[in-house]
Trainee: 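Just dropping this structure here.
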Amino acid sequence: MIRARFAPSPTGYLHIGSARTFIFNWLYVRKHGGALVLRIDDTDIERNTEASLNSIYEGLNWLNLGWDEFYRQSERLELHRKLAFGLLAKGLAYRDFMPAATDLEDRPHGQGPWLCNPEMRALSQSASDARAAAGEPFAVRFRVHREPSREISFCDEVYGPQSKMTADIEDFALLRSNAMPTYHLSSCADDIDLGITHIIRGQDHLANTFKHVLLFEAAGAPLPSFAHLPLLIAPDGAKLSKRKHGPVVSVVTYRDNGFLSLAYINFLCLLGWSSKDNREQMTLAELQSAFGFEGVHRSNAVVNFSDADPIDPKALWLNSQHLRSMPVTALAPLVRRVLEDHGLRPYGDDVFFDRVVDTIRTRFSTLLDFPTKGRAYFADDFHIEKQALDKLDAPGARELLRALADRLQADPDFTESSVEAQLRKLAEERGVKAGVLINASRAALTGQPVGPSAFAVFICIGRERTIARLRKV
RNA sequence: GGCGCUAUCGUCUAAGGGUUAGGACGGAGCCCUCUCAAGGCUCAAAUAGGGGUUCGAAUCCCCUUAGCGCUACCA
């Protein structure tokens, strides 16, 4: 039974890179059957905020994939401390009474990495106990075995065999001097306790994994399998950050821009992973069955955005593809919600609404297009664009539209084909090209020079409103 | 500085010794057409550089370069 976890720390909104990690975890678990644990890694009390936690939920809720179990590390501190003190008792860890190095430049640079504070590592058990008993604050560090230096290795599902000498691994902290566990400790303690079998996370943890291997080993726990994911980066090659790159890095930005979560999930999956047959537009079910670590790349992927084009064009394209191809019954409620948000209420019943949505979605690329470009389908007070006005200003156009209104009023059917027949007949009688009347009609009905087939537009606007709008111009 | 990872069109990627280096987005053009999309067709666009190995290298090896990550009592 597979058990994977997604472990965000609440220091900001849900980052798109984190969202992708979550999605890959979800896909893997759902494909192979198992449980997905959502674990909030909130042991850094200095930086964590409740607001961040809420915005992470907000992002996750939009993705709407769900999870099976939930934990907060801040509620499991005793478990973490128990592991640290157990290691301390066995001599696999030691107390460090030195104050925290606040400035990295304090460390001797130039000849290799900082490994430990030798006096602290060498402190006798009794001296250490005495100082602790006297109330002196201390951090607890893992005692990395180095003499002789040993090779630590594991096989990453994505990056393959990895190894590193213990001579290159510093005595990392387990417990801070405020008694709070560090990431390494709490993460491993929880992974062990929660029976995590697969750790799927960002590549920024690849080098940390050696420490984790050491910790699993010291705790006598079996090693889970690891899969590290390439990072998502900005076009300038830098790590995506809100400070530098703005809202593009937050998932809710895409929600707020009218993206379908399934389309955005699809887009994110294509960054750093590809299916064997190179398919791009995929449903969740297709992603689930196609996903595997073999298809995950080892190099970072650039999210392609710019000031002129703040959203990756491929994401937009995928969204429009999904918008067109998903079942209308699934799309309609989403459109209804966005219309409500804009103070619009659909005309007619559900069947009629579905038909309208199905017709106009063929030219739209986001949900936001429905209340904006599609406003005329849901309200009478729509803007008439300049180019539409030009069509109405064509010689005789307005009079023709009024004549058409009369014919339609006399037409008992009002179907696409009956309307087309009436319109073409009128055009022929008056000796004008049908196109002129067709384009003028679209302009009168929607205020736009572009849109779906005009005959479909007539039906979507509805008989009464059509007649009224044709006469009003 | 040390350790590790990576390198194919602008971007996402396919090809894991033999291909005119393929596809997608975006760009340009054509067709279709009541407009605009969609769709179809076409064009421009890439193996970071240098050495090996080999009959043959995008692919294997080495070096260089560049980028990224870790090197915190952040995660």
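Sequence lines set the chain letters: A, B, ... in the order given, protein chains first and strands last, and positions in each chain run from 1. Note: hydrogens, waters and symmetry copies are ignored here, and every other heavy atom, side chains too, is used.
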Trainee: If the test is ring pair (Phe, Tyr, Trp, His ring centres under 6.0 Å), which one of A:Y13, A:F259, A:F305 qualifies with A:Y254?
Mentor: A:F259
Trainee: Scan A:N208 against the nucleic acid and name what it touches under 4.0 Å (heavy atoms): base, sugar-phosphate only, or nothing.
Mentor: base
Trainee: With rounding to the closest Å, how many angstrom separate the P atoms on B:U6 and B:U13?
Mentor: 15 Å
Trainee: Could you tell me which nucleotide pairs with B:A37 by Watson-Crick or G-U wobble geometry, both distances under 3.5 Å, or answer none if nothing does?
Mentor: none
Trainee: Provide, to the nearest angstrom, the distance between the CG atom belonging to A:L115 and the P atom belonging to B:C70.
Mentor: 18 Å
Trainee: Of the candidate nucleotides B:C12, B:A7, B:U71, which contains the atom at the shortest distance from the side chain of A:S299?
Mentor: B:A7
Trainee: Within residues 444-455 of chain A, which residues have any heavy atom lying less than 4.0 Å from an atom of RNA chain B?
Mentor: A:P449, A:V450, A:G451, A:P452, A:S453, A:A454, A:F455
Trainee: Figure out the CG/P separation between A:D277 and B:G22, and round it to whole Å.
Mentor: 19 Å
Trainee: From the set B:A75, B:G39, B:C5, return the single nucleotide nearest to any side-chain atom of A:L206.
Mentor: B:C5
Trainee: Of the options B:C5, B:C70, B:A38, whose atoms approach the side-chain atoms of A:Y159 most closely?
Mentor: B:C5
Trainee: Between B:G40 and B:G51, how many Å separate the two C1' atoms, rounded to a whole number?
Mentor: 47 Å
Trainee: Please state whether the base of B:A24 and the side chain of A:N278 form at least one donor-acceptor pair under 3.5 Å?
Mentor: no
Trainee: Scan every strand shown for a Watson-Crick or G-U wobble partner of B:U54, both distances under 3.5 Å, and answer none if you come up empty.
Mentor: none
Trainee: Base, sugar-phosphate or nothing for A:G272? Non-hydrogen atoms, less than 4.0 Å.
Mentor: sugar-phosphate
Trainee: Could you check which nucleotide pairs with B:G16 in any of the strands shown, counting Watson-Crick or G-U wobble with both distances under 3.5 Å?
Mentor: none
Trainee: Is A:A173 touching bases, backbone alone, or none of the nucleic acid, heavy atoms closer than 4.0 Å?
Mentor: sugar-phosphate
Trainee: Please report the distance separating the P of B:C70 from the corresponding atom of B:A75, rounded so that it comes out in whole Å.
Mentor: 13 Å
Trainee: Say we look at B:A7 and B:U59: how far apart would their P atoms be, to the nearest angstrom?
Mentor: 11 Å
Trainee: Kindly say if A:T43 contacts the phosphate of B:A75, meaning a side-chain N or O under 4.0 Å from OP1 or OP2.
Mentor: yes
Trainee: To the nearest Å, how far apart are A:K314 NZ and B:G23 C1'?
Mentor: 9 Å
Trainee: One thing to verify: whether A:D44 and A:R47 come together as a salt bridge, which I'm taking to mean a side-chain N less than 4.0 angstrom from a carboxylate O.
Mentor: yes
Trainee: Expressed in whole Å, how much space separates the C1' atoms belonging to B:A72 and B:A46?
Mentor: 41 Å
Trainee: Under 3.5 Å, is there a donor-acceptor pair between the side chain of A:R121 and the main chain of A:N117?
Mentor: no
Trainee: Given B:C12, is OP1 or OP2 found less than 4.0 Å from the side-chain N or O atoms of A:H297?
Mentor: no
Trainee: In whole angstrom, give the distance that lies between atom NZ of A:K239 and atom C1' of B:U6.
Mentor: 16 Å
Trainee: Cation-pi check for A:F97 against A:R131: NZ or CZ below 6.0 Å from the six-membered ring centre and within 45 degrees of the axis, yes or no?
Mentor: yes
Trainee: Among B:C70, B:G39, B:C5, find the nucleotide with the atom closest to the side chain of A:K211.
Mentor: B:C70
Trainee: Just call it for A:R298: base, sugar-phosphate, or nothing, with non-hydrogen atoms closer than 4.0 Å on any strand.
Mentor: sugar-phosphate
Trainee: Over how many whole Å does the gap from A:W273 atom CH2 to B:A14 atom C1' extend?
Mentor: 13 Å
Trainee: Does A:Q321 reach a base, just sugar-phosphate, or nothing at all? Heavy atoms under 4.0 Å.
Mentor: sugar-phosphate
Trainee: Given ring pair (Phe, Tyr, Trp, His ring centres under 6.0 Å), test A:F6 with A:W67 step by step and report yes or no.
Mentor: CA-CA 9 Å; A:F6 173 62; A:W67 52 85; 9.0 Å; no
Trainee: Taking atom P of B:C70 as reference, at what distance in whole Å does atom NE2 of A:H212 sit?
Mentor: 12 Å
Trainee: Have a look at A:S177 and say if it touches a base, only the backbone sugar-phosphate, or nothing, with a 4.0 Å heavy-atom cut-off.
Mentor: base
Trainee: Distance check needed: B:A72 P versus A:L174 CG, whole Å only.
Mentor: 15 Å
Trainee: Both distances under 3.5 Å, Watson-Crick or G-U wobble: report the partner of B:A28, or none.
Mentor: B:U42
Trainee: With no hydrogens and no angle check, do the side chains of A:D190 and A:Q73 hold a donor and an acceptor under 3.5 Å apart?
Mentor: yes
Trainee: Among B:G26, B:G2, B:C68, which nucleotide has an atom closest to any side-chain atom of A:L231?
Mentor: B:C68
Trainee: Heavy-atom count around A:E136 CD within 6.0 Å, excluding the residue itself: above 12?
Mentor: yes
Trainee: What distance separates A:H322 NE2 from A:L262 CG, expressed to the nearest 0.5 Å?
Mentor: 7.0 Å
Trainee: Please figure out whether A:D171 or A:R424 has its closest RNA chain B nucleotide nearer the 5' end.
Mentor: A:R424
Trainee: If you measure from the C1' atom in B:C30 to the same atom in B:C62, how many Å do you get, rounded?
Mentor: 50 Å
Trainee: Would you be so kind as to tabulate the donor-acceptor pairs closer than 3.5 Å made by side chains of residues 227-234 of chain A, with sequence neighbours excluded?
Mentor:
from, atom 1, to, atom 2, distance (Å)
A:H228, ND1, A:D156, OD1, 2.6
A:H228, NE2, A:R201, NH1, 3.2
A:H228, NE2, A:T209, OG1, 3.2

Trainee: Can you find a side-chain donor-acceptor pair between A:T366 and A:N319 that sits under 3.5 Å?
Mentor: no
Trainee: Can you tell if the side chain of A:E151 reaches within under 4.5 Å of the side chain of A:K164, non-hydrogen atoms only?
Mentor: no
Trainee: Mind calculating the distance between CG (A:N300) and P (B:G69) to the nearest angstrom?
Mentor: 8 Å
Trainee: Considering heavy-atom distances to RNA chain B, does A:S163 or A:L271 have its closest nucleotide positioned more toward the 5' end?
Mentor: A:S163
Trainee: Take atom C1' in B:U11 and the same atom in B:G4, then report the distance between them in whole Å.
Mentor: 27 Å
Trainee: Would you say A:R442 places a side-chain N or O within less than 4.0 Å of OP1 or OP2 belonging to B:C34?
Mentor: no
Trainee: I want to verify a distance call: between B:C34, B:G26, B:A24, whose nearest atom is closest to the A:E280 side chain?
Mentor: B:A24
Trainee: If you only use heavy atoms from C-beta on, which nucleotide in B:C5, B:A38, B:G2 is closest to the side chain of A:Q203?
Mentor: B:C5
Trainee: Is it the case that the side chains of A:S52 and A:T49 hold a donor-acceptor pair, with the cut-off being a distance below 3.5 Å and no angle test?
Mentor: yes
Trainee: Check the chi torsion on B:G52 and let me know: syn if it falls within 90° of 0, anti if not.
Mentor: anti
Trainee: Can you check the distance between B:G18 and B:A28, where both ends of the measurement are the C1' atom (answer in whole Å)?
Mentor: 34 Å
Trainee: Establish, with yes or no, whether the OP1 or OP2 oxygen of B:U6 is under 4.0 angstrom from a side-chain nitrogen or oxygen of A:Q162.
Mentor: no
Trainee: Return the pairing partner of B:C70 with a 3.5 Å limit on both distances, Watson-Crick or G-U wobble; otherwise return none.
Mentor: B:G2
Trainee: Which part of the nucleic acid, if any, lies within contact of A:P230, taking any heavy atom under 4.0 Å across all strands shown: a base, the sugar-phosphate backbone alone, or nothing?
Mentor: nothing
Trainee: Choose from B:U11, B:A72, B:G26 the nucleotide whose nearest atom is closest to any side-chain atom of A:W317.
Mentor: B:G26
Trainee: Does a nitrogen or oxygen in the side chain of A:T362 sit under 4.0 Å from OP1 or OP2 of B:A37?
Mentor: no
Trainee: From B:C68, B:A72, B:A75, pick the nucleotide closest to the side chain of A:Y183?
Mentor: B:A75
Trainee: Using the side-chain heavy atoms of A:A207, tell me which of these nucleotides is nearest: B:G26, B:C70, B:G10.
Mentor: B:C70
